[in-house]
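Convention: sequence-line order gives letters A, B, ...; per-chain numbering from 1. Every value quoted in this text rests on a predicted model; they were computed, and no experiment measured them.
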There are 2 protein chains.
Amino acid sequence: MATLFLVGIGPGGREHLTLNAIDAFARSEVIVGYAFYLELIQEFLAGKTVVSSGMTQELDRCRQAIDFVKQGRNTSLISTGDPGLYGMAGPALELADGIDIKVIPGVSAAFAAAAEVGAPLMHDMCAISLSDLLTPWERILSRLEHAAQADFVIALYNPKSHGRPNHIEQAVEMLLRYKSPQTPVASVKNAGRSGAECRLTTLAAVEYDFIDMKTVVIIGNAHTYVKDGRMITPRGYAL
Amino acid sequence: MATLFLVGIGPGGREHLTLNAIDAFARSEVIVGYAFYLELIQEFLAGKTVVSSGMTQELDRCRQAIDFVKQGRNTSLISTGDPGLYGMAGPALELADGIDIKVIPGVSAAFAAAAEVGAPLMHDMCAISLSDLLTPWERILSRLEHAAQADFVIALYNPKSHGRPNHIEQAVEMLLRYKSPQTPVASVKNAGRSGAECRLTTLAAVEYDFIDMKTVVIIGNAHTYVKDGRMITPRGYAL
């Protein structure tokens with residue numbers, strides 16, 4: 001029986017691939033993914049049937065991958081980051097039935113972004129996507145409000161999208177109702193990839209122009225601080 | 001100048017190591033870690049100075065690793081999972097000054113646990129540690145309350161600890177004030193390691209006896225469901 005591998009490749013650079021992901025590629029006849037991500041793993045594609053498609057065609061990719069498996073061909077369906085967090089594992093499992101599936105976890109963007117700037121996610125944290133394509137904006141705002149009240153460290157995915165350039169401003173406005181304007185904020189672009197760029201600011205001075213679709217924005221908790229250019233959330237040890 | 005690598009090895013099996021982690025080991029003269037974790041990466045320790053210590057000696061390990069780097073020796077300080085989430089990156093960065101540090105992210109336990117049971121963390125999620133060694137229990141309860149109200153998928157780390165066996169019951173009690181008793185819950189032991197075990201239940205029927213210190217407990221959001229023995233949180237696509 002063929003297997004569908006739902007493979008997380010991490011933030012993009014080959015160095016973040018796990019041995020498990022590399023093994024899944026080796027065992028797959030077919031690799032299905034978004035064209036931009038396939039480029040990141042090009043060296044593993046030789047001799048494979050490669051099926052690439054555009055950014056908004058997630059469900060098509062899932063269906064194609066499932067079809068290949070039903071034809072008896074081991075297939076890897078690629079996600080950047082972790083397939084289980086805003087990735088392809090959910091839709092693939094929703095659509096599949098009766099086939100063998102293995103989820104291969106990877107490093108999600110928030111953790112790659114955190115590693116670029118220090119250790120901001122060291123304590124209780126939450127991930128919130130600001131994309132309202134699949135989630136009502138009111139629910140997103142409510143999650144921001146509770147996250148701020150609970151003093152989570154907050155990692156924002158999809159802080160800006162085409163046609164919704166000011167989601168991030170609205171999110172920050174909500175957070176400022178509960179959090180100090182001095183709260184450290186890291187905006188990290190292309191985390192874990194060549195060309196990674198970071199901006200460390202405060203919540204009151206977020207550089208909105210710097211932020212794009214592929215930026216992760218990390219907002220500290222009440223104890224987060226910056227030392228030597230690194231953002232650190234204490235775990236709570238008496239040092 | 002020597003470098004301190006803060007290396008996440010993922011959930012434990014060698015297959016979850018990233019190429020980056022393996023490269024850090026290769027470049028390190030010294031490897032510092034908790035004895036149990038060093039066993040998981042034994043094959044990379046040949047010819048290295050290996051410094052192991054007990055479970056509660058995190059700060060000692062940080063200080064030792066920093067001292068080796070100050071002596072000019074490249075050193076890897078090991079965390080399981082991701083060093084930036086409840087790992088060694090925070091305390092190491094808090095204690096270090098004036099040395100070169102590189103954080104190598106890894107797959108944190110919640111994502112390894114999620115991969116074992118399906119795709120429960122597909123949407124906005126939070127991680128909460130139930131250990132009150134470093135965090136007041138009242139704050140933990142408040143985070144649980146807000147997380148439930150905001151309908152996050154919730155990943156609980158350290159659900160039980162020595163001397164505090166009923167934290168998980170108290171947490172579930174809090175969640176039941178806001179969440180349906182039918183909410184799917186996955187308890188995953190040894191995620192990503194040989195001997196991984198899972199229990200899929202509802203929030204009203206969590207198997208407390210199954211859960212131990214090394215279990216991750218994942219509680220779904222209002223849309224999470226179980227299909228073919230897999231726990232899935234929909235991303236929101238119209239399928």
Subject >> Heavy-atom side-chain contact between A:T224 and A:I232 under 4.5 Å >> reply: no
Original post:
So do the side chains of B:L134 and A:Y237 get within less than 4.5 Å of each other, counting heavy atoms only?
Top reply: yes
Let me know if [X] has heavy atoms under 4.5 Å from chain A in its side chain, its backbone, both or neither.
| X | value |
| --- | --- |
| B:P11 | neither |
| B:R230 | side chain |
| B:R14 | both |
| B:A155 | neither |
| B:Y157 | neither |
| B:A92 | neither |
| B:E58 | side chain |
| B:A114 | neither |
| B:L85 | both |

Original post:
When the ring planes of B:Y86 and A:H123 are compared, do they come out parallel, tilted or perpendicular, using 30° and 60° as the limits?
Top reply: perpendicular
Original post:
Going by the angle between their ring planes, with limits at 30° and 60°, are B:F111 and A:F111 parallel, tilted or perpendicular?
Top reply: perpendicular
Pairs of heavy atoms under 4.5 Å with chain A: top-ranked of [options]:
| options | result |
| --- | --- |
| B:L121, B:I140, B:L19, B:D124 | B:D124 |
| B:I104, B:D151, B:I154 | B:D151 |
| B:A112, B:P234, B:S142 | B:P234 |
| B:I101, B:L6, B:I22, B:L144 | B:I101 |
| B:T233, B:L59, B:D228 | B:L59 |

Just by modelled atom types, is the [Y] backbone N or O under 3.5 Å from a matching donor or acceptor in the [X] side chain?
| X | Y | answer |
| --- | --- | --- |
| B:R143 | A:M125 | no |
| A:K179 | A:G220 | yes |
| B:Y34 | B:I78 | no |

Original post:
Taking NZ, NE, NH1 and NH2 as the nitrogens, is one of them in B:D132 or B:R139 under 4.0 Å from a carboxylate oxygen of the other?
Top reply: no
Subject >> Basic-acidic side-chain contact under 4.0 Å: B:R27, B:D23 >> reply: yes
Original post:
Hey, which of B:V172, B:I168, B:I128, B:L130 is the one that makes side-chain contact (heavy atoms from CB on, under 4.5 Å) with B:V217?
Top reply: B:I168
Heavy atoms only, distances under 4.5 angstrom: which of [options] has the most pairs with chain B? Name it, please.
| options | answer |
| --- | --- |
| A:G192, A:G236, A:G84, A:G90 | A:G84 |
| A:P105, A:A119, A:P91 | A:P105 |
| A:A127, A:S129, A:C126 | A:A127 |
| A:A21, A:C62, A:A150, A:A96 | A:A150 |

Original post:
For the residue pair B:F25 and B:F5, is the inter-centroid distance of their aromatic rings smaller than 6.0 Å?
Top reply: no
